[in-house]
Amino acid sequence: MKQLILTKIDPVPDERKAEHLGPWSLPESRFFGWEWRKCGIEPPLRSEEVHFVSRRLEKVCEFYVPRLAFEQNERHGRSYSNRYWRVLLMPWLVNLVMCAFERFLRIRNRVRSGVPYLVYLAPRDETLSSITTSHFNQMMIDDPLNRLIFSRFIRVFQPRGWVLREGAPAPEDLYFSSDHPPGKQPTENYGVFKKVERKMEVYRWVSILSSNLGCVQFHKVHGLSPLDAAYISMRMWFRNRKRWQKAARSFQKTPEAGTVHHTREDVVEELQSVRNITACEAGIFLKVLDELVSETMPKLFTDHYPANEKKALLKVKATAPWMDTVAYGHLGNDDQSNFYVAALLEKRPVRLVINQHGGNYGIVESAPWHHLAEYETADRFISWGWKRQSDYRVSAAPASSPFLSKMRRSKKRSSAIILVSSELTPLMKWLAADCIPEDIAHYMQDKTSFIENLDDTPRSFLWYRPYMRRRNNLYDQEYVERRYPDVRILRGKLARYMPSRLSPVLSGCGVCVLDRPGTTAAFTMAAGIPTLFFGHQNAWRVSYYSKPYFNKLSSVSVHHSSGESAAKHLNAIWPDVDSWWEDGQTRKAVAEFTHRYYRSSRNWRAEWVDIFSSSDSGLWRNDEAETG
């Protein structure tokens with residue numbers, strides 16, 4: 001009988017009899033061979049199905065919001081609105097639902113195959129709780145929580161012929177390493193975390209107090225410093241306040257957004273439209289999801305809720321009573337800022353405007369996290385230039401990014417070629433327009449083709465920058481170091497948000513090469529640094545609205561369908577890369593792309609004053625949100 005390996009925690013007496021559920025548990029030699037399909041590993045979804053499936057799962061998330069709001073109010077003796085709890089819980093909930101469904105499909109497909117397996121499950125009494133939203137997101141790509149999720153589904157399915165054995169509890173150091181960067185001891189990491197959190201708390205308070213000079217609370221808008229907030233606030237006071245405030249106060253969020261209540265029957269019906277899921281299988285998914293929702297909710301919203309609510313209410317008291325709008329930079333993993341914004345919305349009659357903070361918005365086809373946590377929660381959304389994204393219902397007002405507007409190319413330039421990697425996790429962290437785990441092999445082969453097709457001279461200037469924010473991406477760096485010892489590894493941050501600037505290495509490089517358009521591409525293109533992309537549009541699933549702009553970039557060799565093509569182009573223009581970048585046709589295509597997706601301006605402060613204080617600003621229009 002074959003043994004089904006769930007994670008690396010599983011004992012593997014005989015690798016010859018092992019069949020792996022996914023690439024994350026493969027032995028090193030087979031993992032770096034990149035021929036995962038020969039190991040019997042098949043993706044639960046095709047990449048072209050991801051958007052359709054994620055749209056179905058969005059309704060699952062919406063189904064849980066009112067239920068969780070009721071339960072949280074009962075637990076803490078409060079009577080807060082659904083929107084309050086949505087602000088706090090949606091960043092965690094959407095990741096849980098998306099990941100749990102992907103894990104469910106993997107187990108369902110094995111059960112349907114009819115092949116019996118020996119499998120070691122997590123102990124029945126094992127539970128793993130998260131501390132913060134950020135901690136949970138790391139746990140979702142670690143072995144302990146995933147083994148627990150796989151085990152829950154297997155026990156409910158009770159597949160015929162399978163031999164189910166109870167494995168050992170998850171090693172404590174593995175579980176707690178979710179909150180520790182690689183190479184850091186728990187005590188050292190805790191000290192660093194507390195230091196960063198203290199700095200962030202000071203920054204939150206300074207943002208609140210500096211914005212009290214006007215009627216808009218600018219909270220953690222990337223690139224907008226407290227001095228910028230004070231300047232914009234003071235400029236707004238000199239405008240015709242009565243006129244634009246009347247327009248702002250008359251603005252009403254369209255009632256359909258984020259207020260639809262789904263029944264369990266509605267959700268089951270939606271799930272049945274995915275991969276021939278039966279009503280019984282949909283019931284199994286929801287049964288296990290109910291347990292996971294209860295068990296994995298971060299302690300910040302359960303045991304530690306009263307203390308965090310108290311901190312938020314103190315900040316609300318310090319917010320000027322004449323404040324009528326809060327402009328929030330990112331409704332994401334910063335739970336403390338989310339607590340403040342949620343409390344401000346609950347206690348004051350303010351409008352919520354969320355500002356784009358990363359490079360994928362508008363470009364990618366599927367972005368359920370952005371849609372549920374931000375588009376459907378905000379009254380208005382400020383983009384970096386775009387108005388529509390796929391079929392999402394979003395009220396986007398285009399504007400220059402304060403952060404990108406401060407990006408500058410260094411006058412001290414080198415010939416360095418920096419190849420920047422995207423985040424690639426063998427365990428999928430959400431169903432979005434990212435590379436699915438089984439496509440990583442092709443992605444890595446494309447990256448190696450870029451390195452191997454570079455001529456010797458440009459290759460001698462090559463640096464590789466792996467994605468370093470999560471420890472699960474270390475395999476990427478390890479593979480490049482082993483296979484290409486001549487390629488140097490670039491460490492450290494590429495940009496800083498406080499103050500807003502690029503690192504000297506990136507701002508002074510000769511050319512930046514990326515395997516996808518994203519935040520780093522936004523940095524370099526806004527700063528005027530020569531930039532190359534490679535990777536097929538279908539692999540990263542760009543929105544149909546952005547495809548014409550990519551086609552124009554392809555026509556001037558900024559975007560390439562393969563690493564080999566990008567390398568050959570770089571060889572052809574080396575060493576005079578700037579002549580190609582400054583060519584009229586190249587500049588025109590790049591300018592059109594950046595104006596649509598990475599907009600910046602030296603006069604961005606005046607633009608932001610106009611957006612918030614003009615009575616005819618698109619930010620305060622009352623028409624329907626645009627849908628693709």
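In this text, all values refer to a predicted model and were calculated from it rather than measured experimentally.
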**Student:** Under the 3.5 angstrom rule, does the side chain of Q356 hit a backbone N or O of G358 as a donor-acceptor pair?
**Tutor:**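 Yes, Q356 side chain to G358 backbone: donor-acceptor pair under 3.5 Å.
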**Student:** Working to the nearest 0.5 angstrom, can you tell me the gap between R541 CZ and I363 CD1?
**Tutor:** 14.5 Å
**Student:** For side chain to side chain contact (heavy atoms under 4.5 Å, CB included), just list the numbers for F104 and F150, CA-CA rounded to whole Å, side-chain angles, deciding distance to a tenth of an Å, and then say yes or no.
**Tutor:** CA-CA 7 Å; F104 158 79; F150 290 135; over 6 Å; no
**Student:** Any donor-acceptor pair under 3.5 Å linking the side chain of S543 with the backbone of S390?
**Tutor:**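 Yes, because the side chain of S543 sits within donor-acceptor range (under 3.5 Å) of the backbone of S390.
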**Student:** Look at the side chain of D142 and the backbone N and O of M139, then say whether any donor-acceptor pair between them is shorter than 3.5 Å.
**Tutor:**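 Checked: no pair found.
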**Student:** If we only count heavy atoms from C-beta on, is the L271 to L57 side-chain gap below 4.5 Å?
**Tutor:**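 A side-chain contact exists here, since the closest heavy-atom pair is under 4.5 Å.
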**Student:** Do the numbers put R388 on top of the ring of Y392, so that NZ or CZ is under 6.0 Å from the six-membered ring centre and no more than 45° off the axis?
**Tutor:** no
**Student:** Salt bridge check, R147 against E126: does any charged N sit closer than 4.0 Å to a carboxylate O?
**Tutor:** yes
**Student:** If you count heavy atoms of other groups shown closer than 6.0 angstrom to NZ of K17, is the number above 12?
**Tutor:** no
**Student:** To the nearest 0.5 Å, tell me how far K8 NZ sits from I5 CD1.
**Tutor:**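 Reported to 0.5 Å precision, the distance equals 12.5 Å.
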**Student:** Verify, without hydrogens or angle tests, whether D476 (side chain) and P466 (backbone) share a donor-acceptor contact under 3.5 angstrom.
**Tutor:** no
**Student:** Quick one: do C39 and R30 satisfy side chain to side chain contact (heavy atoms under 4.5 Å, CB included)? Show the steps, please.
**Tutor:** CA-CA 8 Å; C39 302; R30 298 173 73 186; 3.2 Å; yes
**Student:** For E166 and L121, what are the C-alpha separation, side-chain angles and deciding distance, and is it a side chain to side chain contact (heavy atoms under 4.5 Å, CB included)?
**Tutor:** CA-CA 5 Å; E166 192 166 291; L121 307 180; 5.9 Å; no
**Student:** Can you tell whether the side chains of K447 and E452 come within less than 4.0 Å, N to carboxylate O?
**Tutor:** no
**Student:** For P437 versus T425, what's the shortest heavy-atom pair and its separation?
**Tutor:** CG-O, 4.1 Å
**Student:** Taking atom CG of D14 and atom CD of Q3, what is their separation to the nearest 0.5 Å?
**Tutor:**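 One finds 9.0 Å between CG of D14 and CD of Q3.
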**Student:** Take H370 and Y361, measure what ring pair (Phe, Tyr, Trp, His ring centres under 6.0 Å) needs, and give me the verdict at the end.
**Tutor:** CA-CA 8 Å; H370 297 157; Y361 289 80; 3.8 Å; yes
**Student:** For the residue pair Y484 and Y479, categorise the inter-ring angle as parallel (less than 30°), tilted (30 to 60°) or perpendicular (more than 60°).
**Tutor:**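 Answer is perpendicular, since the angle exceeds 60°.
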**Student:** State, without any angle test, whether S366 and S54 hold a side-chain donor-acceptor pair at a distance under 3.5 Å.
**Tutor:** yes
**Student:** Just say parallel, tilted or perpendicular for the rings of W369 and H330, cut-offs at 30° and 60°.
**Tutor:** tilted
**Student:** Between E62 and K59, is the salt bridge (Lys or Arg N to Asp or Glu O under 4.0 Å) condition met? List the steps.
**Tutor:** CA-CA 5 Å; E62 295 287 6; K59 295 182 180 179; over 6 Å; no
**Student:** Is there a donor-acceptor pair under 3.5 Å between the side chain of Q389 and the backbone N or O of V364?
**Tutor:**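 Yes, Q389 side chain to V364 backbone: donor-acceptor pair under 3.5 Å.
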**Student:** Quick one: pull up CD in Q138 and CG in L145 and give me the separation to the nearest 0.5 Å.
**Tutor:**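 The distance works out to 11.0 Å.
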**Student:** Where is the tightest heavy-atom contact between N82 and V65, given as atom of each residue plus distance?
**Tutor:**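 So the two residues come closest at O-CG1, 4.1 Å.
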**Student:** Check L331 against A373 and note the closest heavy-atom contact, atom names and distance.
**Tutor:** CD1-O, 3.2 Å
**Student:** Test of understanding: with ring-ring contact (aromatic ring centres under 6.0 Å, His included), list the residues that count as partners of W162, not counting sequence neighbours.
**Tutor:**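 Partners of W162 by the ring-ring contact (aromatic ring centres under 6.0 Å, His included) criterion, ordered by chain and then number, come out as Y117.
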**Student:** When you measure from the side chain of H135 to the backbone N and O of I131, does any donor-acceptor pair fall under 3.5 Å?
**Tutor:**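 Yes; judged by distance alone, with no hydrogens or angles, the pair exists.
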**Student:** Is there a salt bridge (Lys or Arg N to Asp or Glu O under 4.0 Å) between E71 and R75? Walk through the geometry before answering.
**Tutor:** CA-CA 6 Å; E71 291 176 356; R75 182 201 299 254; 6.0 Å; no
**Student:** Can you tell which of F301, Y84, Y305 makes a ring-ring contact (aromatic ring centres under 6.0 Å, His included) with H76?
**Tutor:** Y305
**Student:** With the threshold set at 4.0 Å, does a side-chain nitrogen-carboxylate oxygen contact exist between E564 and K568?
**Tutor:**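 Salt bridge present between E564 and K568.
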**Student:** Between E15 and H20, does a side-chain hydrogen bond (donor to acceptor under 3.5 Å, both in side chains) hold up when you go through it step by step?
**Tutor:** CA-CA 10 Å; E15 181 62 37; H20 294 263; 2.9 Å; yes
**Student:** Would you say S130's side chain and F136's backbone share a donor-acceptor pair under 3.5 angstrom?
**Tutor:**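 Such a contact is absent between S130 side chain and F136 backbone.
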**Student:** Would you check if the distance from the ring center of W85 to the ring center of Y64 is below 6.0 Å?
**Tutor:** no
**Student:** Please confirm whether the backbone N or O of V542 pairs with a side-chain atom of S546, one donor and one acceptor, at under 3.5 Å?
**Tutor:**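 It does not hold such a pair.
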**Student:** When you check the gap from the basic side-chain N to the acidic O, do R264 and D290 get nearer than 4.0 Å?
**Tutor:**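 Salt bridge present between R264 and D290.
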**Student:** With rounding to the nearest 0.5 angstrom, report the CZ to CG distance, R393 to D391.
**Tutor:** 12.5 Å
**Student:** List the steps, then state whether side chain to side chain contact (heavy atoms under 4.5 Å, CB included) holds for E42 with R106.
**Tutor:** CA-CA 9 Å; E42 294 290 337; R106 289 183 183 274; over 6 Å; no
**Student:** Per the side-chain contact (heavy atoms from CB on, under 4.5 Å) rule, which among I284, V267, V97 passes with L289?
**Tutor:**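 It is V97, the one option of I284, V267, V97 that forms the side-chain contact (heavy atoms from CB on, under 4.5 Å) with L289.
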**Student:** Can you tell me if S565 uses its side chain to pair, donor with acceptor, with the backbone of S561 under 3.5 Å?
**Tutor:**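 Between the backbone of S561 and the side chain of S565 there is no qualifying donor-acceptor contact (under 3.5 Å).
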**Student:** What closest approach, in Å, do L292 and A100 show between heavy atoms, and which atom pair accounts for it?
**Tutor:**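 The pair with the smallest heavy-atom distance is CD1-CB, 4.2 Å.
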**Student:** Check this for me: does any side-chain nitrogen of one of R110 and E19 sit under 4.0 Å from a carboxylate oxygen of the other?
**Tutor:** yes
**Student:** Is the W34 ring parallel, tilted or perpendicular to the F32 ring (thresholds 30°, 60°)?
**Tutor:**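 Geometry flag for F32 against W34: perpendicular rings.
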**Student:** Give a yes or no on whether F52 atom CZ has more than 12 heavy-atom contacts from other residues, nucleotides or ligands under 6.0 Å away.
**Tutor:** yes
**Student:** Thinking salt bridges, do E28 and R482 make one under a 4.0 Å N-O criterion?
**Tutor:**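 Salt bridge: yes.
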**Student:** Please determine whether side-chain hydrogen bond (donor to acceptor under 3.5 Å, both in side chains) holds for the pair N137 and S134, giving the CA-CA distance in whole Å, both sets of side-chain angles, and the decisive distance to 0.1 Å.
**Tutor:** CA-CA 5 Å; N137 290 342; S134 180; 5.8 Å; no
**Student:** Checking D335 against N308 for the side-chain hydrogen bond (donor to acceptor under 3.5 Å, both in side chains) test, could you report, in this order, the C-alpha distance in whole Å, the side-chain angles of both residues, the deciding distance, and whether it holds?
**Tutor:** CA-CA 9 Å; D335 294 309; N308 289 288; over 6 Å; no
**Student:** Any Lys/Arg nitrogen of E281 or R275 sitting under 4.0 Å from an Asp/Glu carboxylate oxygen of the other?
**Tutor:** no
**Student:** Do R55 and E270 meet the salt-bridge criterion of a basic N to acidic O distance under 4.0 Å?
**Tutor:**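 No, E270 and R55 are not salt-bridged.
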**Student:** Nearest 0.5 angstrom please: W24 CH2 to N146 CG, how far?
**Tutor:** 7.0 Å
**Student:** Can you check whether V268 reaches T263 side chain to side chain, under 4.5 Å on heavy atoms?
**Tutor:** no
**Student:** What closest approach, in Å, do N338 and V87 show between heavy atoms, and which atom pair accounts for it?
**Tutor:**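 Closest heavy-atom pair between N338 and V87: O-CG1, 3.7 Å.
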**Student:** Can a donor-acceptor pair be found, under 3.5 Å and without considering hydrogens, that links the side chain of Q272 to the backbone of T278?
**Tutor:** no
**Student:** Less than 4.0 angstrom from a charged side-chain N to a carboxylate O is my criterion; do E376 and R86 meet it?
**Tutor:**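 Salt bridge flag = no for R86 with E376.
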